[in-house]
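None of these values were measured; they are calculated from a predicted model. Heads up: numbering here begins at 1 and tracks the sequence.
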Amino acid sequence: MAGADDTKFELSKILDGFAGAEGPVFDTCGNFYMVAPEVEKDGQFAGQILKVDLDTQKATVLCEPCVNGHGGIPAGCQCDKDGNIFVADMRLGILKVSPTGDFKQLAVVDSEGRTMQGCNDCSFDYLGNLWVTAPAGNIAPDNYRRSLEEPFGSVYCLTKDGKVVRVDTGIRFPNGIAVRHDSCGEPSQLIVAETPTKLLWSYDIKGPGLVSNKKEWAKMPGDLEGGADGMDLDDKGNLLVAHWGSGHIEVFSPDGGSPVKRIACPFQKPSNLHFKPQSSTVYVTEHTYHGLWKFEWETCGMPQFCDWKV
């Protein structure tokens with residue numbers, strides 16, 4: 001792991017004490033959202049989508065998604081060009097949440113009629129297709145289960161015309177996900193974290209819901225429990241990956257392989273990260289103190305779908 005010694009960046013805490021902390025995202029108006037997936041009420045799941053005022057460091061509940069009496073476990077979030085938040089939910093699949101907190105479950109079956117699996121993270125490409133990891137079993141009302149041991153996790157693409165295509169399956173807890181684009185803004189590469197194996201897989205994107213050439217792209221360092229969680233790209237093409245359980249954020253070059261830098265965190269369980277639009281500020285969620293932190297990276301983040309200018 002030569003060249004990947006700890007790199008010193010000062011992480012500052014914004015707030016903590018959530019019931020879990022995941023899914024950091026900005027909308028088109030500069031509002032910041034995250035999720036508290038581990039909320040329970042009366043022994044039932046009741047995860048929350050939170051709106052955070054970064055100036056006052058206060059969070060309010062935007063909504064607690066619930067479908068037919070079954071509460072959600074929201075995890076990853078992305079924003080579309082209209083300011084809606086798309087949420088990957090471990091119990092409810094894929095949700096669309098409006099700025100007012102109204103929400104809709106977008107699918108109960110995929111394009112081939114299979115029951116949707118519970119989802120964990122998501123990433124828009126610049127054409128408006130949402131790529132989603134699904135490490136859970138069938139959505140509610142089926143019993144909740146996760147693919148940490150048995151490899152039944154999947155990857156979906158919610159195409160811009162509303163079709164949910166399963167693009168891969170047989171994965172042990174697929175987690176973080178990112179889309180790389182070519183110089184013309186066409187989606188070219190999909191990267192998916194398989195947490196228990198510490199592997200990052202890449203696929204060539206051939207079209208909406210169509211991938212090929214799956215291969216091992218990178219591997220997280222070390223032998224500790226945990227692995228790759230959420231991730232985001234900077235504008236140089238480097239991939240920053242939350243290494244859950246290691247106390248680090250790993251930085252991979254556009255070629256993958258081993259990390260070129262390791263960012264030491266003041267907590268052991270970073271869960272996800274997201275660049276503030278048009279800035280080098282990175283917001284990090286974590287499961288040690290169940291909090292939200294930030295730091296300044298070396299360069300700006302790669303533009304997101306919601307702020308991509310064609």
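Distance check: K51 NZ to D27 CG gives 7.0 Å after rounding to the nearest 0.5 Å. Atom CZ of R91 and atom SG of C66 lie 11.0 Å apart (nearest 0.5 Å). Note: L95 CG to N84 CG = 12.0 Å, rounded to the nearest 0.5 Å.
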Please set out all donor-acceptor pairs under 3.5 angstrom arising from side-chain atoms of residues 296-305, sequence neighbours excluded.
unit_1: E296; atom_1: OE1; unit_2: S280; atom_2: OG; d: 2.8
unit_1: E296; atom_1: OE1; unit_2: T281; atom_2: OG1; d: 3.3
unit_1: E296; atom_1: OE2; unit_2: T281; atom_2: OG1; d: 2.6
unit_1: W297; atom_1: NE1; unit_2: D234; atom_2: OD2; d: 2.9
unit_1: E298; atom_1: OE1; unit_2: K261; atom_2: NZ; d: 3.0
unit_1: E298; atom_1: OE2; unit_2: K261; atom_2: NZ; d: 2.2
unit_1: T299; atom_1: OG1; unit_2: D235; atom_2: OD1; d: 2.5
unit_1: T299; atom_1: OG1; unit_2: D235; atom_2: OD2; d: 3.4
unit_1: Q304; atom_1: NE2; unit_2: D232; atom_2: OD1; d: 3.3

Under 3.5 Å, side-chain donor or acceptor atoms of residues 199-208 against the rest of the protein: list the pairs with distances, not counting sequence neighbours.
unit_1: W201; atom_1: NE1; unit_2: E194; atom_2: OE1; d: 2.9
unit_1: Y203; atom_1: OH; unit_2: D168; atom_2: OD2; d: 2.6
unit_1: D204; atom_1: OD2; unit_2: N213; atom_2: ND2; d: 3.0

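Every residue meeting the side-chain contact (heavy atoms from CB on, under 4.5 Å) condition with S246, not counting sequence neighbours, appears here in chain and number order: H243, H248, E250, R262. With sequence neighbours left out, the ring-ring contact (aromatic ring centres under 6.0 Å, His included) criterion links F267 to W293. Listed by chain and number, the residues in a side-chain contact (heavy atoms from CB on, under 4.5 Å) with N138 are T115, Q117, D142 (sequence neighbours excluded).
Taking hydrophobic clusters as Ile, Leu, Val, Met, Phe, Trp and Tyr residues chained together by side-chain heavy-atom distances below 4.5 Å, V109 shares a cluster with L158. Hydrophobic clustering of Ile, Leu, Val, Met, Phe, Trp and Tyr side chains at less than 4.5 Å, counting indirect connections, keeps V284 apart from W244.
Surrounding CG of D182 are more than 12 heavy atoms belonging to other residues, nucleotides or ligands, all under 6.0 Å away. The local environment of NZ in K214 is crowded, with over 12 non-hydrogen atoms from other residues, nucleotides or ligands closer than 6.0 Å. K219 NZ: 12 or fewer foreign heavy atoms inside a 6.0 Å radius. In the displayed structure, Y289 atom OH is contacted under 6.0 Å by at most 12 heavy atoms of other residues, nucleotides or ligands.
At least one donor-acceptor pair closer than 3.5 Å links the side chain of E286 to the backbone N or O of G291. Remark: side-chain polar atoms of T133 are paired, donor with acceptor, to backbone N or O of D121 under 3.5 angstrom. For the pair T28 (side chain) and C306 (backbone), a donor-acceptor distance under 3.5 Å is absent. Remark: side-chain polar atoms of R166 are not paired, donor with acceptor, to backbone N or O of Y156 under 3.5 angstrom. No donor-acceptor pair under 3.5 Å is formed between the side chain of D16 and the backbone N or O of H290.
A side-chain contact (heavy atoms from CB on, under 4.5 Å) with M34 is found for one member of V25, N272, L292 and no other, namely L292. The only member of F275, F32, Y33 that meets ring pair (Phe, Tyr, Trp, His ring centres under 6.0 Å) when paired with F26 is F32.
Here ring pair (Phe, Tyr, Trp, His ring centres under 6.0 Å) pairs that include residues 34-92, with residues two or more places apart or in two chains, are F45-Y144, F86-F124.
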